[in-house]
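Each remark here refers to the structure printed beneath this line.
Every heavy atom of this structure was used, including side-chain atoms; hydrogens, water molecules and symmetry mates were not. Computed from a predicted model, the values in this text were never measured in an experiment.
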Amino acid sequence: MVTVADRPRLDMPPPGRKARVLLFLYRHRVFAAVLAAAFLLRMVTMLGYGPALWFNDSYEYVSGAVYPDRPSALRPNGYSFWLLLLRPFHSFALVAFTQHLMGLAVGGLVYALLRARFGLPGWGAALAAAPALFDAYQIQLEHMIMSDTMFTLLVVGVITLVLWHRTLSWKLGAAIGLLLAITALTRSIGLPILALVVVYLLVKRTGWKPVAAMVTVCAVPVAGYMAWFASAHGNVAMTNSDGAILYMRTAMFADCKKMGINPREELELALLCISDPPEQRQFGQKYLWWARNGQRFHAFGTGTTFTPEMSRTAGDFAKRAILSQPGDYLAIVATDFFRAFHWGRPRFPDAATYQQYEFPLANKVLPSWSSPKSSTTDRDAHEYDPGLPSVLIAEKPRVVGTDLHDPWAGFMQGYQQIVRLPGIVLGVLLLVGLAGVVARWRKLGGPVLLPWLAAFGLLLAPAATAEFDYRYVLPAVPLACVAAAISLRHGVALPGRLRLSRRASRVTPTPAAASAATSPREG
């Protein structure tokens, strides 16, 4: 008797949406559990610290959303545009919630890129995403009214799009260019990232069409913003703070005697000379933000801090200091660069700034600093979110920006003392990524090169142009994890038997199986 196998039924309905979702979650069950835990931590943060946390820079961002008719002279208004978009809801809690979603999206992009494009196992891709999802300082920064989380998501999004596709169409290049424009309008360091991506694509011989589309689409919004800036401040630029920030960088070592400044002939530069001896100077920010004895940046009077003339004069002073004292400049850049790799977390630049990166132990009363339109920072915040509570201090009503609620706040305070990515681990990740770049020297670093250079540049740029700050370290972490994970995936960063090679754990397949098997290519 001969039996014939039943033919497959062609009218079988496809699995339902619920079944597809369950199957997807099962395939990515490790990351799904990781993402759920990370989401719960962020909800605990929102319950403990309502509606948001604040940094000294937060108030200008809020003022930019309340008074959107004039660009800031200090920093680009991209993040203020985001606050303006959410302003109809009148809720800083909503702003913080969207930023927590951005933080989760960063981890999701890292996982998706490593899993789908580079073939890492689920646990390996989830492990690479974990620092961005669980670092307590990352969660704390997401809850702060600051641009850093948005900037991190944009940078990781750009790197993900570039690495995901082996070939780029002009449409995809245009999409990347738009993301880069938003990145540059969020933080001015976005423009150097554009240069990095362009060089990478040229090295990879991507073709001129996607590169041209990317540069063109990026240039249009940036040029429009610069034209708006010129109409308000009189000069074509994105900020009037570049020279001032560079002056802050050189304030720790600039010696007008070594610089050869002649007070009679170069009075404007001489007025910026710092009277404190270099060995007695504590940190550069002191000589930029506060008009006290020895801080000569304010010698020209109130209201002249961030003007085109002051930016040019301060920039000329800083460049003179760097060219006259190159050894001192390189030494301080190296010192600040390696601050990112401590095992601990030394207090820098001062206790007040350091504490702003810790979950606070008490409610935050907003300061009454001056802001545009003859207003104050606390009034601007209250206008944005009328639901902010008030408290009487010295018989005057004051706006409370952060309201603590236990046990949630206490839990996050304890969590922050335990769960963080030590700087030395970040250093190891960078070294692993560097090993991957070196091992691919014939391919000019391969796909490891772009995330590694981006991570390295994000750490080096503040040290070279401003001053070390702990929040500048965090955007580099997911990119360092991506570079290290790609290196380890292809077994080039670990010696001998420790290499992560698929062939070490599999039986040699038959020719038929080998021809049928497919594996992610490195590109």
Side-chain angles (χ1 to χ4, degrees), residues 49 52-62 72 74-75 79 99 135-149 151-152 187 189 241 244-253 274 276 280-295 297-298 305-306 332-333 335-369 377-378 381 401-402 404 412-413 416-417 420-423 426 458-459 461-477:
Y49 294 94
L53 299 176
W54 299 79
F55 191 76
N56 288 344
D57 297 349
S58 304
Y59 313 110
E60 185 168 0
Y61 287 124
V62 174
S72 168
L74 179 57
R75 54 180 62 88
Y79 180 64
Q99 291 178 179
D135 187 298
Y137 291 95
Q138 176 65 49
I139 298 173
Q140 194 262 359
L141 190 60
E142 291 171 15
H143 202 58
M144 195 176 287
I145 306 299
M146 290 288 285
S147 64
D148 298 79
T149 301
F151 173 77
T152 302
R187 278 179 57 184
I189 197 176
S241 62
I245 299 300
L246 192 60
Y247 172 84
M248 178 182 72
R249 171 69 293 177
T250 60
M252 289 296 293
F253 65 86
I274 299 172
D276 297 338
Q280 296 180 11
R281 302 174 193 175
Q282 298 173 345
F283 52 93
Q285 295 181 34
K286 171 183 176 182
Y287 298 95
L288 174 63
W289 300 113
W290 300 297
R292 299 173 184 169
N293 292 334
Q295 288 100 309
F297 186 75
H298 301 267
T305 308
F306 298 111
I332 200 166
V333 169
T335 299
D336 268 12
F337 177 75
F338 285 104
R339 288 185 198 277
F341 308 120
H342 284 275
W343 174 263
R345 197 175 171 90
R347 296 200 171 201
F348 186 88
D350 61 349
T353 304
Y354 176 90
Q355 287 299 328
Q356 293 189 74
Y357 298 124
E358 301 285 327
F359 281 110
L361 305 178
N363 292 350
K364 171 70 173 181
V365 177
L366 300 185
S368 299
W369 300 338
T377 51
D378 56 345
T402 304
L404 271 66
M412 292 309 299
Q413 292 162 15
Q416 193 170 41
Q417 303 305 313
R420 65 177 182 86
L421 183 73
L426 175 59
L458 287 173
L459 292 174
T465 62
E467 191 172 48
F468 174 82
D469 198 301
Y470 281 111
R471 66 187 174 93
Y472 294 152
V473 175
L474 294 178
V477 171

Check: Does the pair L458 and I189 meet the rule for a side chain to side chain contact (heavy atoms under 4.5 Å, CB included), with working shown?
Finding: CA-CA 8 Å; L458 287 173; I189 197 176; 4.0 Å; yes
Next item on the list: Decide side chain to side chain contact (heavy atoms under 4.5 Å, CB included) for N56 and Q356; before the verdict, give the C-alpha distance in whole Å, the side-chain angles of both, and the deciding distance to 0.1 Å.
Entry: CA-CA 9 Å; N56 288 344; Q356 293 189 74; 3.4 Å; yes
Item checked: Worked verdict on R471 versus D148 for salt bridge (charged side-chain N to carboxylate O under 4.0 Å, His left out) -> CA-CA 8 Å; R471 66 187 174 93; D148 298 79; 3.1 Å; yes
Next item on the list: Could you go through the side chain to side chain contact (heavy atoms under 4.5 Å, CB included) check for I145 and V62 one step at a time?
Entry: CA-CA 8 Å; I145 306 299; V62 174; 4.0 Å; yes
Next item on the list: Verify side chain to side chain contact (heavy atoms under 4.5 Å, CB included) between T353 and Y357, making sure each step is shown before the conclusion.
Entry: CA-CA 7 Å; T353 304; Y357 298 124; 4.2 Å; yes
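Figure legend: cation-pi geometry between R75 and Y61, with NZ or CZ positioned under 6.0 Å from the six-membered ring centre and within 45° of its axis. Relative to the ring axis of Y79, R187 does not place its NZ or CZ within 45° and under 6.0 Å from the centre.
Atom CZ of F468 is separated from atom CG of L459 by 9.0 Å, given to the nearest 0.5 angstrom. Distance check: T402 OG1 to L53 CG gives 5.0 Å after rounding to the nearest 0.5 Å. Note that the CD atom of Q282 and the CG atom of D350 stand 8.5 Å from one another [nearest 0.5 Å]. The CZ atom of F348 lies 13.5 Å from the OH atom of Y354; values are rounded to the nearest 0.5 Å. Separation of atoms CE (M412) and CZ (F359) is listed at 4.0 Å; rounding is to 0.5 Å. Here CD1 of I139 is found 11.0 Å from CG of L474. Values are rounded to the nearest 0.5 Å.
Minimum heavy-atom separation, A464 to V333: CA-CG2, 3.8 Å. Between H143 and Y49, the shortest heavy-atom contact is NE2-O, 2.6 Å. A pairwise comparison of heavy atoms in G423 and R420 identifies N-NH1, 4.5 Å as the closest pair. When all heavy atoms of L141 and Q99 are compared, the closest pair comes out as O-NE2, 4.4 Å.
Contact check for M146 versus S58: side-chain heavy atoms found under the 4.5 Å cut-off. Taking the side chain as every heavy atom from C-beta outward, I332 and R249 approach each other to under 4.5 Å. Annotation: side chain of Q285 is in contact with side chain of D469 (closest heavy-atom distance under 4.5 Å). Contact of the D336 side chain with the M252 side chain is not registered, since no non-hydrogen atoms from C-beta on lie closer than 4.5 Å. Taking the side chain as every heavy atom from C-beta outward, Y470 and R345 approach each other to under 4.5 Å. Counting heavy atoms from C-beta outward, V477 and L426 have side chains that approach closer than 4.5 Å. Looking at heavy atoms from C-beta onward, Q140 lies out of side-chain contact with E358 at the 4.5 angstrom threshold.
Panel note: side chain E142, backbone T149; no donor-acceptor pair is recorded below 3.5 Å. D135 places a side-chain N or O within 3.5 Å of a backbone atom of L421 that can act as its donor or acceptor partner.
Side-chain contact of Y287 with D276: a donor-acceptor pair under 3.5 Å is present, judged by distance alone. When only modelled atom types and interatomic distance are considered, S368 and D378 share a side-chain donor-acceptor pair under 3.5 Å.
Under the 30°/60° scheme for interplanar angles, the aromatic rings of W54 and Y59 are found to lie parallel.
For an aromatic pair to be called close, the ring centres must be under 6.0 Å apart, and F337 with F341 satisfies this.
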